[in-house]
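To start, the structure under review is shown below, and the notes come after it.
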Amino acid sequence: MRHHLILRVITKLLVGAMMLFAFYVQFHGDYSPGGGFQAGVIMAVAFIIYGIVFDLDHVQRVLPPWIAHKMLAIGVLLYSGTGIVSFFQGLNFLDYTAFSPHHPVHGQHYGIFAVELGVGITVTGVMVSIYYAFAGRTSEIRDEDW
Amino acid sequence: MIDLFTLNFILGHINYWLFIVLMMTGLYIVISKGNLVKKIVGLNIFQSSVFMFYISMGKVSGGTAPIFPLDMKIDSTTTYSNPLPHVLILTAIVVGISTTSLALALTVRIREAYGTIEEDDLVSIELELSTEELSAEHALTNGRKA
Amino acid sequence: METFINIILFTLLVVTAIAVTRTHGLFGVAMLSGVFSLLSALLLVTLDAVDVAFTEAAVGAGISTVLMLSALSLTSRHEKESSRSNVVPLLVVMCTGILLFYGTLDMPNFGEEGSPAQNHVSKAYIERSPSEIGVPNIVTAILASYRGYDTMGETAVVFTAGVGVLLLLSGLQRRRRKEYKKSGKL
């Protein structure tokens, strides 16, 4: 896509804003529509659009495949780890009171934060690595072919 | 039976009926089309219609989106739509895209192994392969006897 | 008014779905499925499901179209005419549709306040979440706290699907490299 000047310039402008929006959706999910699932998808879209407009190699220099593959597992581990923390306080699995025993509502806030972060990391990892897997097989397509 | 169909009843149920039409369109694509990618799109339509149905059940007329005001001063006269179906469907959408990509990955592998993604061609290739195998086996046993 | 917007959007959805069955170019099918997702996101907003609409717009119109197109570039771009007749599938679809239609006759009206779906656990969620969770967005409160197990399972499913795709599609480069090495040695 070397000669698509408009696409290249706009993408460069938008990728940063998209990532920022993903973080907003991630951490503001308690107060407005959004949460880990949506934020993960938007974050992945930022990487994917960069990969489409520039090149797969360029985006893989920013987020190498091995990091994306590790992100899959880290998110799930963060989620289940949040549940296991409450065992140490003698509470049930995923009982967020453990994070702040004297003020359960605060504990809920911390717990939801951690859990949503886990979801976000997994979803980003999955979507990006699926894109890498598909795009890694495709040979370069010329514009006339479409 | 006829007096069941008042205007009120029809307006109250037309959503469900349209959802049935949508679902049946998806089912029709899945069972009548031979192209694997199109089958996957059909499954997606089928899935979306179920999502719509769930969300329709959670709607309360005159209600609003299930988000409290930021200052948490809750007006007891406000009615909120049912948040439970929203939660179930939100996660289902993300799981749906992951399974769709798995299906697409399988399609890509099928194309690489057989050179086609049409069901008719796949069946005939499979048939040819199995008859070849059978005749080879046959020749082997006959040779042993002789 | 709300009902009419609903019905119009729903009809547009049905039209898009029927257009998918009639289109033979798979590129067009991928685009139509993107249109379908955007329309359903609009419909979800009118049904008060803002969180779901958000997800659908990001996932359906964004990622799924990209994945569909990249799969198309690896397979083929045109559908071949199927040799089978359409009569049996139509008959099956009609019968199932009529049965489902019969099933809806007992259902409560759309948007009715006292319907069974509104009365049990979800009422308790709305009433109790301000004091127990203290998070304005009830959907987040249910998703991450009341039904934390459920969401953990869903995350695990997403993880598993991702691993499945990686197993199916990557590893080609490594295999090629190995084969190259082998052929070089021989």
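Lettering follows sequence order; numbering is per chain, from 1.
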Inset, instruction - Would you please go through residues 11-26 of chain A and name the residues with a non-hydrogen atom below 4.5 Å from one of chain C, in numerical order? - result: Phe21(A), Val25(A)

Can you see which heavy atom on [X] is nearest to which on [Y], and at what distance?
X: Thr151(C); Y: Tyr79(A); result: CB-OH, 3.3 Å
X: Tyr96(A); Y: Ala144(C); result: OH-O, 2.5 Å
X: Ile63(C); Y: Ala44(A); result: CD1-CB, 4.3 Å
X: Ala133(A); Y: Leu166(C); result: CB-CD2, 4.3 Å
X: Thr140(C); Y: Glu116(A); result: CG2-OE2, 3.2 Å
X: Gln108(A); Y: Ile133(C); result: OE1-CD1, 3.5 Å

Legend entry - Region of Ile42(A) that comes under 4.5 Å of a non-hydrogen atom in chain C: side chain

Legend entry - His106(A) versus chain C, the contacting section by heavy-atom distance below 4.5 Å: neither

Legend entry - Heavy-atom check, side chain of Asp30(A) versus side chain of Asn137(C), under 4.5 Å: no

Inset, instruction - From the options Leu69(C), Leu169(C), Val66(C), select the one residue that forms a side-chain contact (heavy atoms from CB on, under 4.5 Å) with Phe134(A). - result: Leu169(C)

Inset, instruction - Identify which one of Val115(A), Val119(A), Leu78(A), Ile121(A) satisfies the side-chain contact (heavy atoms from CB on, under 4.5 Å) criterion when paired with Thr155(C). - result: Val119(A)

Legend entry - Contacts of Gln38(A) that satisfy side chain to side chain donor-acceptor pair (under 3.5 Å) - sequence neighbours left out: Thr55(C)

Inset, instruction - Ignoring hydrogens and angles, tell me if any N or O in the side chain of Asp51(C) forms a donor-acceptor pair with the backbone of Gly34(A) under 3.5 Å. - result: yes

Inset, instruction - Please state whether the side chain, the backbone, both or neither of Ile138(C) comes within less than 4.5 Å of a heavy atom of chain A. - result: neither

Legend entry - chain A contacts, top residue of Val135(C), Val139(C), Val163(C), Val50(C) (heavy-atom pairs, under 4.5 Å): Val135(C)

